[in-house]
Amino acid sequence: MPPSDVKKTADGTHPAATTTVTTAPGPGTQDVRYDPAEIEVRWQERWARQPELYRAEGHESNKPKYYVLEMLPYPSGQLHIGHVRNYSIGDALARYMWMQGYNVLHPMGWDAFGLPAENAALKNNTPPRDWTLGNIAHMRRQMQRIGLSYDWQTELATCLPDYYRWNQWFFLRMLENGLAYRKQSKVNWCPECGTVLANEQVVNGCCWRHEDTLVEQRDLEQWFLRITNYAEELLEGLDKLPGWPEKVRTMQRNWIGKSEGATVEFAVEDATLAIEGENGRRQGKVPLPPAEDYKVGQSSNASQKVKVFTTRIDTIFGATSIQLAPQHPLVEEFAQNDNRLRSEVESLLEEQKKAREADAVGTIEKHGVFTGHFAINPFNGERLPIWVANYILLEYGTGAVMSVPAHDERDYEFAKKYGLEIRIVVLPRRTGEPSEKDPDEPVLPYSEEDSLLINSGEFSALGCQEAQHKMTAYAAENKFGEATVTFRLKDWGVSRQRYWGTPIPVLYCEKDGIVPVPDDQLPVLLPENVEITQQGGSPLAKVPEFVNAVCPKCGGAARRETDTMDTFVDSSWYFYRYTDAQNSNAPFSMEKAAYWFPIDQYIGGVEHAILHLIYSRFWTKMMRDIGQVRNDEPVERLFTQGMVIKDGAKMSKSKGNVVSPDDMIARYGADATRAYALFATTPDRDLDWQEDGVAGVSRFLSRVYRLVMRHAAELRQASRNGEQTSAAAASPDAQALLRKLHQTIRKITQDFAGRWHFNTSIAAIMELVNEITAAEPRLAELAAEESATLLASLLRPLILLLAPFAPYLAAELWEQIGETDSLLRHPWPQFDENLAREEEIEVPVQVNGKLRALVRVAPNADNETLQKAALSEEKVRVSIAGKQIVKVVIVPAKLINLVVR
RNA sequence: GCGGAAGUGGCGAAAUUGGCAGACGCACUAGACUUAGGAUCUAGCGGAGCAAUCCGUGGGGGUUCAAGUCCCCCCUUCCGCACCA
């Protein structure tokens, strides 16, 4: 609230002079009071009238470009304090880069599709669109109140047709290129919601909204995007992203989960032969399973095969069983006429399902059951019993493994439990003669690959690596195996049975089958006034005007696809749209994207390390391949900021420890709130929000305000005279202050270029302000002109240094001292190494490593001078008295250590 | 279980390279001022001790003239991965 006695001009701004009072120099109670609410609201209104200030120049600009981006928020209705932190980091950087002379693109938008809008619609009976757009309007106002330097002309909301039509356009391009396809697949289904859930909405096997409701699996036809086509490139590309945190790259590597190995086909022995085999041939080392009365399937035939995937084909002579996933098709076949097996497999399935739901797949007790069937090891003709086990995952590899107990931890555990043979086929390489400490028997399970094969036929005595190559080649030659690369990454299922998303632009015609919507019929508009219920299934399916369409091919009746796209589609390419947000002929112009991309600096939370950041990389590669962009990667440098926590815990409504940005801004102002977000700790760490800390930063800003305001009149004069204090002519006081100034400029400039430790940047400004304030009474004794000139050479750069962190206060003070240009375009101050250099430094003197004195010397003092100075110190002399100096360690300008005995 | 990060005053933290541990801020203490304000100013503030001085960066060893920083072992917290064959 502006004080009522402050006069306003016609445009609502305050003429600079009316808020100043002239006082005697030096801190005092007669200073003008810092009123952030008044200053900030006034400048916010002014900035709103100058949107061109925040607009980037086109690609014809002669400045170097810089694209800084914070992750776009979901318009939930309220900014939370984590957003404020995220945007404060990005905004400081954007403002700094403008001041450094860059052409800066700094946009903002809204990830506006998604389930919460539908939930809100149910709860409040508000259409999702109205709810979302209302939230956007409110959050935009919050951002503007914070003073963030966004170019609102490039703003986008993914729920608007001028954006999502391009999702549809890209989908059609992918369809043309075989990158989008349809297949039957399992989906997560919450019986309570009556709707399908995205994988990321399944928490510990339960619905995120109904934490006690187990999610079911249902089989549905789904659209998929072929991200696996890019698995290899997505993986290799990680090595070319040095500007990304190692943590994120590791997480993506794990997610892609490449493993190289081989598939090998084992013939399944005919059931009749199997029985004969028991009697006739060698019983071998494979013990009979504990069950005696299992039925032998009648339908088995000799041509049946089981294919396993292994990364250790070199251990295949040590295989003593085959393990199948409970869902493996062969198991179903075996169980067809075997009730006992069927019921045992059922319980294995149940165990696996429970483990998945409890998110404890890795820890369940291993169980298995013998199927009564055998497979033939193609390398040595041995009969291996085929088991079903609860720890084998159908979705990985082939859903079947060869079990080598001696050389695999899981197989070892399983074999021990069921008494299966454990056969050693790999031994450590000997580095010398055998000794008692180096017995032949390795500790089992032994899985080192720098080892030698034994008991492996013609492959014995080979090294593991070499054996892998030779054995894979042997399998390939004999047509029972091949080298295989397996990825954990799965194709991206993008169908969602929800209303509030991008309609998938496809029609189903009885005659023509799947028919893409022609480009000239885009966008497929999302109908409004759709009833959202908890009945389940796609709400769009209940809108006949939407569903019933005409087939573009035959003109006959066709049915529209009623699923919508995953909202991660929206955020996979939004940052390209910012470069050309108004384009109605294309998603964006190639030239503009080529100029701005890759993004120079992307800033967001680490929670997006996998999904969003991997989908975006995929989308960029896809766009490159369809000729829409030229870059391989969307983001050059990625920064993941830490969380904001309160009292050591994550903020949550139930804990009642939520910090409201509005509240902070109302109490302390936006400048203090954002400066605190940067001052409390380094941006990468978690920040424990302490309101007292905000108050402290607010007091600091107030000190700066009062300091500058005490001298505003003098500075306006000095600025007209255009004088600068020259260091040579200045008093020692002035020299010390100028030195501190240049050290501060250097420090902050280095912080921006390097580690982004803005906490120390702001601390450095505090130190500078403290020094200037402490010197104020002495400066008052100087001649008026000299004092004004000196203060001008200190305070003008001080305001510039403050601009990225407290832009409102900086703008206000800049104007108060008579400047008229915008700080956003004002050059960042330069530091002068000569002025920053100390004339005299304090060097610690140690005796036997213990501090005994400090000596003042010139920074370039030679060793002799240093030693002399050290020895002339009384305390040093006392502590070495009666002892012999055996060594003198001198690190120039750093330290003197006298070693005595 | 595997991998990563971290552990420094009452609190948030600083200390880019092995070189004065605790900058800056919060809280606190004492004082000043006052139109009593979510003020402001001055001084103090790791622990022990009157002091000289000693001790002190999760714990224990080590390297070094010198270790928060490097090496080895251990503890705790957070994060990621976790039957991936």
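Throughout, protein chains are lettered first and strands after them, A, B, ... in sequence-line order, and every chain is numbered starting at 1. Just so you know, these numbers come straight off a predicted model, no measurement behind them.
With a glycosidic angle further than 90° from 0, B:G49 counts as anti.
Cation-pi geometry between A:Lys366 and A:Tyr391 is satisfied (NZ or CZ under 6.0 Å from the ring centre, within 45° of the ring normal).
Comparing B:G4 with B:C50, their P atoms are spaced 49 Å from each other, to the whole Å. The separation of B:A5 from B:A30, taken at their P atoms, amounts to 46 Å, rounded to a whole angstrom. Using P as the reference atom, B:G25 and B:A32 are 24 Å apart when rounded to the nearest Å. Rounded to the nearest Å, the gap between the P atom of B:A67 and that of B:C74 is 24 Å. B:C45 and B:A52 have their P atoms separated by 14 Å, given to the nearest Å. Of the P atoms belonging to B:C84 and B:U69, the separation is 37 Å, rounded to the nearest Å. For the P atom pair drawn from B:C70 and B:G18, the interatomic distance equals 8 Å after rounding to whole Å. Between the P atoms of B:C71 and B:A21, the separation comes to 22 Å (whole Å).
When distances run from any side-chain atom of A:Arg488 to the nucleotides B:G38, B:U16, B:C81, the shortest one goes to B:C81. In this structure, the nucleotide among B:A85, B:G19, B:A14 sitting nearest to the side chain of A:Lys894 is B:G19. The side chain of A:Arg410 has B:C83 as its nearest neighbour among B:C83, B:G12, B:C24. Among B:C54, B:C65, B:C79, the nucleotide with an atom closest to any side-chain atom of A:Lys850 is B:C54. Taking only side-chain atoms of A:Met766, from C-beta outward, the nucleotide of B:G25, B:A23, B:A13 with the closest atom is B:G25. Each of B:A13, B:C24, B:C20 was ranked by its minimum atom distance to the side chain of A:Asn770; first place goes to B:C24. When distances are taken from the side chain of A:Met251 to each of B:G80, B:C84, B:G12, the shortest belongs to B:G80. Minimum atom distance to the side chain of A:Arg699 is reached by B:A27, of the listed B:A85, B:A27, B:C20. Each of B:C83, B:C84, B:U53 was ranked by its minimum atom distance to the side chain of A:Lys875; first place goes to B:U53. Counting only heavy atoms from C-beta on, A:Gln690 has its side chain closest to B:G12 among B:G12, B:A15, B:A13.
With a cut-off of 3.5 Å on both pairing distances, the Watson-Crick or G-U wobble partner of B:G7 is B:C75. Base pairing of B:C2 is made with B:G80, judged by Watson-Crick or G-U wobble geometry with both donor-acceptor distances under 3.5 Å. Pairing of B:C70, defined by two Watson-Crick or G-U wobble distances under 3.5 Å, is identified with B:G62. Across all strands shown, B:A23 remains unpaired; no Watson-Crick or G-U wobble contact has both distances below 3.5 Å. Base pairing of B:C45 is not made with any nucleotide, judged by Watson-Crick or G-U wobble geometry with both donor-acceptor distances under 3.5 Å.
At the heavy-atom level, A:Phe679 lies under 4.0 Å from base atoms of the strands shown. Across all strands shown, A:Val899 has heavy atoms under 4.0 Å from sugar-phosphate atoms exclusively, and none from any base. Within 4.0 Å (heavy atoms only), A:Gly696 reaches sugar-phosphate atoms of the nucleic acid but no base atom. Using a 4.0 Å heavy-atom cutoff across all strands shown, A:Gln750 reaches at least one base atom of the nucleic acid. Residue contacts shown for A:Ile392 include a base, since a base heavy atom lies under 4.0 Å away. Counting any heavy atom pair closer than 4.0 Å across all strands shown, A:Ser403 reaches no nucleic acid atom.
Taking the six-membered ring for Trp and the full ring otherwise, A:Phe379 and A:Phe480 have centroids separated by under 6.0 Å. Between A:Tyr676 and A:Tyr668, a ring centre-to-centre spacing not shorter than 6.0 Å is recorded. The ring of A:Phe805 has its center closer than 6.0 angstrom to the ring center of A:Phe752.
When the side-chain nitrogen and oxygen atoms of A:Lys247 are compared with OP1 and OP2 of B:G80, none of them lie within a distance under 4.0 Å. Contact annotation: A:Arg685 reaches the phosphate of B:A14 (side-chain N/O to OP1 or OP2, under 4.0 Å). Between A:Asn759 and B:A14 there is a side-chain N or O to OP1 or OP2 distance below 4.0 Å. Here A:Ser259 reaches the OP1 or OP2 of B:A85: one of its side-chain N or O atoms lies under 4.0 Å away. Using a 4.0 Å cut-off, no side-chain N or O of A:Arg852 falls inside it from OP1 or OP2 of B:A52.
Remark on RNA chain B: of its neighbouring residues A:Gly693 and A:Glu365, the 5'-side contact belongs to A:Gly693, judged by nearest-heavy-atom nucleotide. The residue among A:Gln846 and A:Ala695 whose nearest nucleotide of RNA chain B lies closer to the 5′ end is A:Gln846.
A salt bridge is absent between A:Arg410 and A:Glu413; no separation between the charged side-chain nitrogens and carboxylate oxygens falls under 4.0 Å. The existence of a salt bridge linking A:Asp751 and A:Lys747 is confirmed by a sub-4.0 Å separation between a basic side-chain nitrogen and an acidic carboxylate oxygen. By the 4.0 Å N-to-carboxylate-O rule, A:Glu421 lies close enough to A:Arg423 to be salt-bridged with it. Contact check on A:Glu395 versus A:Lys490 returns no salt bridge, with no Lys/Arg side-chain nitrogen under 4.0 Å from an Asp/Glu carboxylate oxygen.
Distance A:Ile762 CD1 to B:A23 P: 18 Å, rounded to the nearest Å. The CG atom of A:Asn390 sits 18 Å away from the P atom of B:A85 (whole-angstrom rounding). One interatomic measurement links the two molecules: CE of A:Met709 to C1' of B:U40, which rounds to 17 Å at whole-angstrom precision.
Interface remark: the A:Asn897 side chain does form a donor-acceptor pair with the B:C65 base, using a distance-only criterion of under 3.5 Å.
Inter-residue side-chain proximity for A:Phe414 and A:Tyr412 is flagged as unmet; no heavy-atom pair is nearer than 4.5 Å.
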